[in-house]
Structures are given as structure tokens and as C-alpha cells.
Amino acid sequence: QVQPVESGGGSVESGGSLRLTCAASEYSYSKSCMGWYRQVPGKSREGVASIYNDGNTTYRDSVKGRFTISKDNAKNTLYLQMNTLKPEDTAMYYCAAGTVVRVAGGRPWCAPNGSWGQGTQVTVSS
């Protein structure tokens, strides 16, 4: 399975913006959902945002109103626009394809079950 390729990370000050890009394989893109995930050293990887085949999206509470997930079907490319960045957003960010599951409260979420790429580092300074 071809690994996705993430890019667009960098170092910004608090309040800044970044746009992450994920080039995914056609196989990954055909799955029921795709998502962005992040991980800091010593902690588990956590979901950030999900997008489904019908175009609907869901976000973790801490990024709602600041991050926007989108995709370009023609290019098999996934994006994450991150605005008003905070130091707690500092992490390695990954994208992956997955399966739709229901989490607390019946909210949908994309549980990753595809290959992981190398990730792209986002560092936000205060």
C-alpha cells in the first residue's frame, strides 16, 4: 500500500497559520473517510479532523473554529488549513485513510486503518 505524503508544516508564532497537504494514493482516497492526526513525543496519536465521502467533516473540540479539513478529489489530495495556531498544537501531523466509526454521543469519526506517512512537523511558539 502506497504511503501518503504529508507536507506544509513549519515553525510559526502563536496566532499564525499553516496549510498542510497530504498526497494520498487513489486506493486510500477511495476509502470511506480520511483524517488528520497528530502526535507529540510520549503521547498517543490523536485525531484532529475527519472528512467523509459525502463531504461532511468532524473536528476534535480543541480545533473547532480554527482548523478546516478539505479535499480535492481530482488530485487525491487532502488539506488541513490551520488558523489561530496555539503552542498546544505543536506536534507531528499525519494523514491516513480509515473507516467511519461512532464515538461518544454518536458523533462520526474516521478511525485510521491505512498506511502512515512520515508526517510533517508543526511547531508553534508563544
Pair listing, side chain to side chain donor-acceptor pair (under 3.5 Å) test, anchored in residues 92-102, at least two apart: Arg38-Tyr93, Thr99-Asn113

Non-hydrogen atoms of Val100 and Ser32 that approach each other most closely: N-OG, 3.5 Å

Residue pairs, two or more places apart or on separate chains, that pass disulfide bond (SG atoms under 2.5 Å apart) and touch residues 44-109: Cys22-Cys95

Pairwise side chain to side chain donor-acceptor pair (under 3.5 Å) hits with a residue in residues 9-24, at least two apart: Ser17-Asn83

Salt bridge (Lys or Arg N to Asp or Glu O under 4.0 Å) contacts in which one or both residues fall within residues 107-118, not counting sequence neighbours: Asp61-Arg107

Disulfide bond (SG atoms under 2.5 Å apart): pairs with one or both residues in residues 36-67, sequence neighbours excluded: none

Partner set under side-chain hydrogen bond (donor to acceptor under 3.5 Å, both in side chains) for Glu88, not counting sequence neighbours: none

Pairs meeting criterion salt bridge (Lys or Arg N to Asp or Glu O under 4.0 Å) with involvement of residues 111-126, two or more places apart: none

Of all pairs that satisfy disulfide bond (SG atoms under 2.5 Å apart), the ones with a partner from residues 47-81, not counting sequence neighbours: none

Partners passing side-chain hydrogen bond (donor to acceptor under 3.5 Å, both in side chains) against Thr84 (at least two apart in sequence or in another chain): none

Gln121 side chain reached by Thr90 side chain, heavy atoms, under 4.5 Å: yes

Of all pairs that satisfy ring-ring contact (aromatic ring centres under 6.0 Å, His included), the ones with a partner from residues 43-79, not counting sequence neighbours: none

Contacts of Arg66 that satisfy salt bridge (Lys or Arg N to Asp or Glu O under 4.0 Å) - sequence neighbours left out: Asp89

Glu6 side chain near Leu20 side chain, heavy-atom distance below 4.5 Å: no

Pi-cation contact, Trp109 with Arg60 (under 6.0 Å, within 45°): no

